[in-house]
Amino acid sequence: FKESFKAAYIQLRSEFQIIFKELFGGGEADLILTNPEDMLTTGVEIIAQPPGKKLQTISLLSGGEKTLTAISLIFSIIRMKKVPFVILDEVDAALDESNVKRYAEYIKLFSSKTQFIVITHRPTTMECIDSLYGVTMEEEGISSLVKVNLKEGENYV
Amino acid sequence: FKESFKAAYIQLRSEFQIIFKELFGGGEADLILTNPEDMLTTGVEIIAQPPGKKLQTISLLSGGEKTLTAISLIFSIIRMKKVPFVILDEVDAALDESNVKRYAEYIKLFSSKTQFIVITHRPTTMECIDSLYGVTMEEEGISSLVKVNLKEGENYV
Amino acid sequence: MELKKLKIYGFKSFANKTVISFEDPFIGIVGPNGSGKSNIIDAIRWVFGEQSNKSLRGESSTDVIFGGTQTKRKQNFAEVTIVFDNSDNYLEIEFLEVEVTRRLYRNGISEYLINGVESRLKDINDLFLDKGIGKNSFSIISQGKIEEILSTNQDHRRQIIEETA
Amino acid sequence: MELKKLKIYGFKSFANKTVISFEDPFIGIVGPNGSGKSNIIDAIRWVFGEQSNKSLRGESSTDVIFGGTQTKRKQNFAEVTIVFDNSDNYLEIEFLEVEVTRRLYRNGISEYLINGVESRLKDINDLFLDKGIGKNSFSIISQGKIEEILSTNQDHRRQIIEETA
Ligand SMILES: Nc1ncnc2c1ncn2[C@@H]1O[C@H](COP(=O)(O)OP(=O)(O)OP(=O)(O)O)[C@@H](O)[C@H]1O
Ligand SMILES: Nc1ncnc2c1ncn2[C@@H]1O[C@H](COP(=O)(O)OP(=O)(O)OP(=O)(O)O)[C@@H](O)[C@H]1O
Ligand SMILES: [Mg+2]
Ligand SMILES: [Mg+2]
């Protein structure tokens with residue numbers, strides 16, 4: 001067990017460092033074992049340093065930076081474990097326009113191996129999506145679903 | 001004390017009911033005292049029913065509906081207590097485009113009596129703002145501030 | 001393995017039978033506030049065996065049954081079916097297509113079906129165990145929860161590594 | 001009463017002296033992720049006497065002092081000044097214009113000034129008490145905190161009514 005935990009840790013850490021750099025366009029990130037001596041009880045700490053900034057506690061990061069760091073970690077897990085599908089409900093809410101674009105294009109890259117289902121209010125995310133479903137309440141209080149194209153989708157947002 | 005608490009409760013409740021209806025374009029809302037016999041210890045419960053829907057626990061509301069309900073309560077407090085200024089950091093993150101518009105135009109209405117400072121990533125909110133400040137990190141890791149017009153502001157978002 | 005279809009009937013705001021086909025690698029769901037998008041995600045969690053009312057934003061288990069509107073009566077049960085393409089045998093079960101159904105009646109009675117066969121909740125949990133689906137997997141990120149992975153305690157994060165090991 | 005100006009120097013990412021004028025009824029702050037917008041809000045909370053490190057997203061009180069970058073050295077103190085137009089005498093103090101300054105040095109020493117006069121934190125809290133400013137007021141809603149007012153316990157909500165009474 002200790003061996004497989006250690007191997008998983010090493011691989012996840014490496015994926016996280018790569019993906020963080022790609023989403024942030026630079027910077028440094030790390031996953032640190034709080035007790036490297038003991039694979040059975042060690043905790044795991046997340047280190048994140050956006051480009052050009054000095055390393056500080058993760059709590060001082062901005063809303064958008066925290067979201068992007070969390071997204072980097074989720075993507076690392078996906079790439080390691082090869083899950084069949086991922087569902088993301090409005091995770092782009094705190095991102096500025098350029099980060100939304102990076103996020104959406106990154107999903108497009110990953111979607112060759114993993115199916116993505118994404119809820120969003122952001123037009124920039126919508127533009128990268130293959131097929132769009134619009135949800136409405138034509139009849140009050142009752143949801144109905146219809147396939148829409150990009151142009152129609154922008155009225156749903 | 002009991003008299004003034006009761007008076008404040010009655011007035012806040014009335015403001016909340018009016019403002020909720022205006023922001024949601026209908027529906028019902030209420031503030032309920034859990035122990036109306038005792039003004040000294042009673043708790044306060046929030047009831048919210050968007051237009052066309054049946055009354056349910058507030059937890060079942062959507063992200064955007066919860067945000068709009070909270071905004072209605074904040075605006076009720078402002079109108080009652082006449083605070084000199086209000087600062088809102090990205091409270092429009094969960095709102096769809098038509099609700100962002102309502103939110104921003106509502107602030108514009110209130111801003112004759114109360115000063116509003118608002119952080120946003122949403123172009124629709126920006127369009128209602130009187131004066132816009134753009135924050136950037138030209139020098140890495142160091143914030144600088146500059147006054148911008150609407151067109152420039154849209155690049156900052 | 002891929003998701004093929006989701007059928008929702010009487011679950012939360014989906015009073016009428018609704019079918020969503022997942023035919024592409026990158027699928028988007030859009031719509032106004034309160035229209036029912038997150039309810040679709042709740043339906044997926046629920047059919048995977050979610051038991052926590054809090055995760056489904058309810059206070060009691062029957063909160064997921066369509067409760068009626070100002071003009072339509074409430075319904076007596078909620079039913080969600082999910083269909084997978086299992087031609088790579090990712091789910092360890094002898095079917096090319098796997099269909100899981102969960103049903104809950106207002107009187108509290110629950111029914112679970114795997115490819116039409118009545119099953120227990122345990123069978124559904126076993127089917128999805130260690131498959132990156134259902135409990136403890138990070139494959140479903142709910143609204144407002146993306147930052148949680150950063151602030152959860154250390155044990156929760158070590159679980160992530162254990163899951164992937 | 002209105003806000004007139006905010007001066008930030010050495011507070012979080014504002015290494016250089018920065019002045020913001022609040023000359024309009026409806027002011028907006030925009031910029032990319034991580035550029036410093038919420039830090040401005042933290043500076044306002046801080047100069048009003050905020051003592052909770054958690055509310056300022058830090059772990060220790062000196063986390064608010066500019067910590068340096070890859071190319072610039074950290075600074076030795078943080079200083080924030082806020083200027084009010086008090087011509088309606090809303091703040092019960094004999095000045096048409098009120099200026100409050102807070103300073104914190106890396107060695108932990110704090111300084112507070114009201115219109116240039118050295119004061120204590122208590123004097124600042126008293127100045128803002130029951131004015132809808134500072135602790136317990138709902139006039140500052142931080143990022144990600146808008147829904148908190150719905151989920152806080154009943155006591156917290158009754159406090160809201162007490163505050164307005
Ligand atoms: N059992 C139920 N019966 C009927 N309606 C329900 C039931 N449970 C929840 N709802 C309704 O579903 C709505 C919430 O839907 P949902 O959370 O899916 O919205 P959403 O599309 O995700 O919106 P947002 O963009 O704001 O996140 C609420 O208005 C709620 O009242
Ligand atoms: N003491 C400090 N010294 C230097 N930089 C700091 C300090 N404290 C915080 N920062 C930096 O400030 C940045 C966060 O700024 P802030 O939260 O204001 O961003 P924001 O503009 O609100 O972004 P978002 O749109 O993502 O919410 C972080 O990158 C953080 O590293
Ligand atoms: Mg939602
Ligand atoms: Mg921010």
Side-chain angles (χ1 to χ4, degrees), chain B residues 1 4-5 7-9 12 34 42-46 58 66-67 69-71 73-74 77-78 80-91 107-108 111-112 114-121 125-126 128-137 139-145 148 153 156-157, chain D residues 1-3 8 12-16 18-32 34-41 44 66 68-72 84 90 131-133 137-151 153-155 157-158 160-165:
Chain B
F1 171 78
S4 67
F5 183 91
Y9 161 69
L12 186 66
T34 49
T42 179
V44 185
E45 213 175 296
I46 302 173
I58 222 167
K66 279 175 183 154
T67 288
T69 302
I71 289 173
L73 190 55
I74 307 271
I77 297 167
I78 297 167
M80 251 192 75
K81 192 170 157 119
K82 306 212 182 340
V83 295
F85 59 83
V86 173
I87 303 179
L88 304 170
D89 193 342
E90 287 190 38
V91 305
I107 292 180
K108 213 150 169 62
S111 62
S112 55
T114 301
Q115 198 172 20
F116 277 87
I117 298 160
V118 151
I119 294 179
T120 184
H121 282 301
T125 300
M126 281 171 51
C128 294
I129 286 168
D130 300 328
S131 65
L132 219 49
Y133 283 93
V135 184
T136 52
M137 282 188 166
E139 203 181 339
E140 59 180 23
I142 297 176
S143 297
S144 57
L145 193 87
V148 295
Y156 281 72
V157 156
Chain D
M1 152 155 124
E2 287 186 352
L3 295 177
I8 311 180
K12 292 204 170 188
S13 57
F14 286 85
N16 305 322
T18 307
V19 180
I20 311 172
S21 306
F22 300 116
E23 289 160 344
D24 290 295
F26 190 2
I27 293 158
I29 300 174
V30 295
S35 56
K37 309 179 293 296
S38 299
N39 289 347
I40 294 170
I41 309 311
I44 295 173
F66 175 70
T69 66
Q70 310 235 340
T71 50
K72 183 160 180 154
F84 300 96
Y90 182 80
K131 299 294 179 196
I133 299 172
S137 83
F138 277 86
S139 46
I140 302 181
I141 308 290
S142 291
Q143 194 166 2
K145 300 290 182 217
I146 180 69
E147 283 185 30
E148 222 167 62
I149 198 174
L150 300 182
S151 56
N153 58 44
Q154 308 232 342
D155 272 358
R157 283 197 291 271
R158 72 158 282 119
I160 296 173
I161 300 191
E162 289 178 348
E163 286 274 319
T164 55

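Chain letters run A, B, ... following the sequence lines, proteins first and then strands; every chain starts at 1.
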> Considering non-hydrogen atoms only, spot the tightest contact between B:Pro84 and D:Lys131 and give its length.
CD-O, 3.6 Å
> Does the side chain of D:Asp24 pick up a donor-acceptor pair with the side chain of B:Ser131 at under 3.5 Å?
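Yes, a side-chain donor-acceptor pair sits under 3.5 Å.
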> Closest approach of B:Ile46 and D:Ile149, non-hydrogen atoms and distance?
CD1-O, 4.0 Å
> How close do D:Phe26 and B:Cys128 get, heavy atom to heavy atom, and via which atoms?
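For D:Phe26 versus B:Cys128, the nearest heavy atoms are CD2-O, 3.3 Å.
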> Determine, for B:Tyr9 and D:Arg158, whether the Lys NZ or Arg CZ falls below 6.0 Å from the six-membered ring centre while staying within 45 degrees of the axis.
no
> As an exercise: rank B:Val91, B:Ile119, B:Val86 by heavy-atom pairs under 4.5 Å with chain D and give me the winner.
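Among B:Val91, B:Ile119, B:Val86, the one with the most close pairs to chain D is B:Ile119.
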> List the atom of B:Tyr133, the atom of D:Ser21, and the distance in Å for their closest heavy-atom pair.
OH-O, 2.5 Å
> Name the region of D:Phe22, side chain, backbone, both or neither, that has any atom closer than 4.5 Å to a heavy atom of chain B.
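When you check distances to chain B, atoms from both the backbone and side chain of D:Phe22 fall under 4.5 Å.
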> Non-hydrogen atoms of chain B under 4.5 Å away: do they reach the side chain of D:Lys145, the backbone, both or neither?
neither
> When heavy-atom pairs shorter than 4.5 Å are enumerated against chain B, which of D:Ile41, D:Thr69, D:Ile29 gives the highest number?
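Top option by heavy-atom pairs under 4.5 Å: D:Ile29.
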> Can you tell which part of B:Ile71 gets under 4.5 Å to a heavy atom of chain D, answering side chain, backbone, both or neither?
both
> With only heavy atoms counted, which part of B:Ile142 is less than 4.5 Å from chain D, the side chain, the backbone, both or neither?
both
> Just by distance, do the side chain of B:Ser143 and the backbone of D:Ser35 share a donor-acceptor pair under 3.5 Å?
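Flag set: sc B:Ser143 to bb D:Ser35 pair under 3.5 Å.
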> Minimum heavy-atom separation for B:Leu145 and D:Val19, please, with both atom names.
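Where B:Leu145 meets D:Val19 most closely, the heavy atoms are CD2-O, 3.8 Å.
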> Is chain D contacted by the side chain of B:Leu88, its backbone, both, or neither, given a heavy-atom distance below 4.5 Å?
both
> Non-hydrogen atoms of chain D under 4.5 Å away: do they reach the side chain of B:Thr114, the backbone, both or neither?
backbone
> Answer with side chain, backbone, both or neither: which region of D:Ile160 has an atom nearer than 4.5 Å to a non-hydrogen atom of chain B?
side chain
> Is B:Glu90 close to chain D through its backbone or its side chain, or both, or neither, when contacts mean heavy atoms under 4.5 Å?
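For B:Glu90, the side chain is the part near chain D, not the backbone.
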> In terms of heavy-atom pairs under 4.5 Å, which option from B:Lys81, B:Glu139, B:Glu140, B:Gln115 contacts chain D the most?
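The candidate making the most pairs under 4.5 Å is B:Gln115.
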> Decide yes or no for D:Val30 and B:Met126: does some side-chain heavy atom of the first lie under 4.5 Å from some side-chain heavy atom of the second?
yes
> At a 4.5 Å cut-off on heavy atoms, which part of D:Tyr90 comes close to chain B: side chain, backbone, both, or neither?
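Just the side chain, heavy atoms under 4.5 Å.
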> Please report the shortest heavy-atom distance between B:Val83 and D:Gly132, naming the atom on each side.
CG1-CA, 4.0 Å
> Given the rule in the side chain to side chain donor-acceptor pair (under 3.5 Å) test, do D:Ser38 and B:Asp89 qualify, once you have shown the distances and angles that lead to the verdict?
CA-CA 7 Å; D:Ser38 299; B:Asp89 193 342; 2.7 Å; yes
